[in-house]
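Here the structure comes first, spelled out in structure tokens, and everything after it is commentary.
Throughout, a chain's letter reflects where its sequence line sits, starting with A, and its residues are numbered from 1. In this text, all values refer to a predicted model and were calculated from it rather than measured experimentally.
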Amino acid sequence: MQSNKTLKNDSLRYNEYYDVQNLYDELYSHAKSGGKFSNLMDKILHKENILVAYRKIKTNNGSLTAGHNKHTINDLEKLTPDELVLQVRKRLANYHPHKVERVMIPKANGKLRPLGIPTIEDRLVQQCIRQVLEPICEAKFYDYSFGFRPNRSTTHAMARCYHLMQRNNLHFVVDIDIKGFFDNVNHGKLMKQLWHLGIRDKTLLKLISKMLKAEIIGEGIPTKGTPQGGILSPLLSNVVLNELDWWIHSQWNGMKTRHKYSEGISVNRALKSTKLKEMHIVRYADDFKIFCRTLKEAKNIKIAVTQWLQERLHLEVSEEKSKIVNLKKKYSDFLGFKMKVVRKGIKWSAHKASCKDKFTVRSHMNQKAFDQTVNKIKTAVKQIQHGKPNELPKNIGIYNATIAGLHNYYDTATHISKDFHKVDYLTIKIRKNRFKDLKTKTGTISKFIEEKYGDSKGIHYLCKMAIIPLAKISHKAPMQFTQEISSYSESGRQLIHKKLNSNIEFKITLLMRNPVMGETVEYNDNRLSRFSAQKGKCAVTKMELEVNEVHCHHQIPRHLGGDDKYSNLIIVHEKVHQLIHVVKNEVIERLVTELNLNDDMIKKVNTLRRKCKLETI
DNA sequence: CGATTACAGAT
RNA sequence: CACAUCUGUAAUCG
């Protein structure tokens, strides 16, 4: 339907570079068909799996923040690929995780969130494991679990809620709040759950167990919980609650699953005597809603789930924060929104009688999101006022990006326009005051603003830059998740990801297999990115390069302080590379004629030579 | 079209 | 000083 939109998935692209997608696909399909896995360590320690893990964590936000041993990504990037691989293999041969750093960060609601930050080495190890576990788990996860999962978003979760409310007519919703979910995950139970999913490699399970029991600084060795901040934690959290998804599912769909998940449990007395009840779970990490048809059913399932979580997963439920909402009367909060149902106007239908009980969804931002939004806008405004004059364009850009970002997220609420009119009203004073000296009659308008907001009555300009009209936002119906989409099958990927040109892909694989010896992982990794970005062509001559002709040049040489970063590397033909560095005149002339360079190309060579502090030719 | 960096959101 | 995962959008560079 919208296939010509720009669809790109970095993670999948990296898998292509390192030729590991097949490995993950096989894990997925084997798991789908009920297979078990008793030897996963080989795959985790696979050379390319380790290198792609490095690739994926190196650009993380925190790759420059040190864990307990003070190491950052800078300490890993200077190793050669072989050294890095060897380091990981050695550590995992006899794994002793480093201590975990404890940091408290403020949440949006004012409370603190306890983070556990593993060292960069342990984050790398966790990423290696995650890459192998994820395909297996993805094959087993429930369709309507949306948090922490590839290709799924809050929008899909909202779309599912809307569907259940107005198509299935389920107007009672149960909210259950688990007390400190991440910090209370039961280790032993988690191990059993992994086993149940078919992950039966004892070495691996032992490894994960050790990881969970890594000492937290100032708190000692944990007996439960999975560190928020660990790379594996989101996946493990889904493993834990996946069992809940299927248990709820079994209450409505068929006896087969029902037996499997209710076996030997005394808790569901509230559900036992009755027939199957229609109920559906929509889950986003530990935040979930269960939609039901009647209040009585809602009450029963609330009791049953509370007991089930307690007995089965050893998790406590907060009675005060858990509740049942009648969506015909009240709003229910979810993922920054609040939603309810209202009677559909009867005049629009030819058959009044049939339409009497039709309900439609009404949604807004919730109160917390509303307050946050007002604050975000106020700080962006202040930043424009208090910032240095030379930073004005940048700060106006940030202001626009802020509003664009907010609009972009909240436009799936049906009555979002009303909310933003209120936001507009609440911030009009501060904006008027602080912008009045900066206002201009006209200015430049970016294509994006033009297209999305251009027909608005009056676009305003600050310092000759268009600013986005705050109140102009219209509702966009959220899209349902199409279950065919998957990162782990050829057909599922086609819906989200455009494959590399196969010729380029082939060459990249060859380059990957033949790293430049003595150079770092960072260099060799960026060499692949650059080659791909230049579509396999020489930056100077634009000719397509054979693999043996590919040279990766440091624009600023290392002896002048140049690094191995992407921005400092460039792919050129090997002879062009010679030409950039050579000083003897006769060699220069020979190369220029051999390469048949025109003026334009020589100009490029000269800019590269200048960066190396060499005479131009 | 490749990569990177900025913004927004959820947990 | 503040981690991780997932998602969306735009801008910049070649």
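- Residue contacts for N408(A): at a heavy-atom cut-off of 4.0 Å it reaches a base atom on one of the strands shown.
- Taking the side chain of S532(A) as heavy atoms from C-beta on, and the options dA3(B), rA2(C), dT11(B), the nearest nucleotide is dA3(B).
- When rounded to the nearest whole Å, the span between CD1 of I398(A) and C1' of rA10(C) equals 13 Å.
- Aromatic ring pairs are classed by plane angle as parallel below 30°, tilted from 30° to 60° and perpendicular above 60°; the pair F420(A) and Y410(A) is tilted.
- Straight-line distance from the NZ atom of K338(A) to the P atom of dA10(B): 15 Å, rounded to whole Å.
- Between dC1(B), dG9(B), rA4(C), one nucleotide has an atom nearer to the side chain of Y410(A) than all others, and that is dG9(B).
- Side-chain atoms of R123(A) stay outside donor-acceptor range of the base of rC3(C), with no qualifying N/O pair under 3.5 Å.
- The pair D333(A)-K368(A) does not count as a salt bridge, with every side-chain nitrogen at least 4.0 angstrom from each carboxylate oxygen.
- The residue K376(A) sits close only to the backbone: its heavy atoms come under 4.0 Å of sugar-phosphate atoms, none of a base.
- The side chain of Y409(A) lies closest to dG9(B), out of dG9(B), rA4(C), dA3(B).
- Taking only distance into account, the side chain of Y566(A) never meets the base of dA3(B) through a donor-acceptor pair shorter than 3.5 Å.
- Here K382(A) contributes atom NZ and I377(A) contributes atom CD1; the two are 12.5 Å apart, rounded to the nearest 0.5 Å.
- In the model, H98(A) has no side-chain atom that pairs as donor or acceptor with a side-chain atom of E215(A) under 3.5 Å.
- The nucleotide whose nearest atom lies closest to any side-chain atom of Y14(A) is, among dT4(B), rU5(C), dC7(B), dT4(B).
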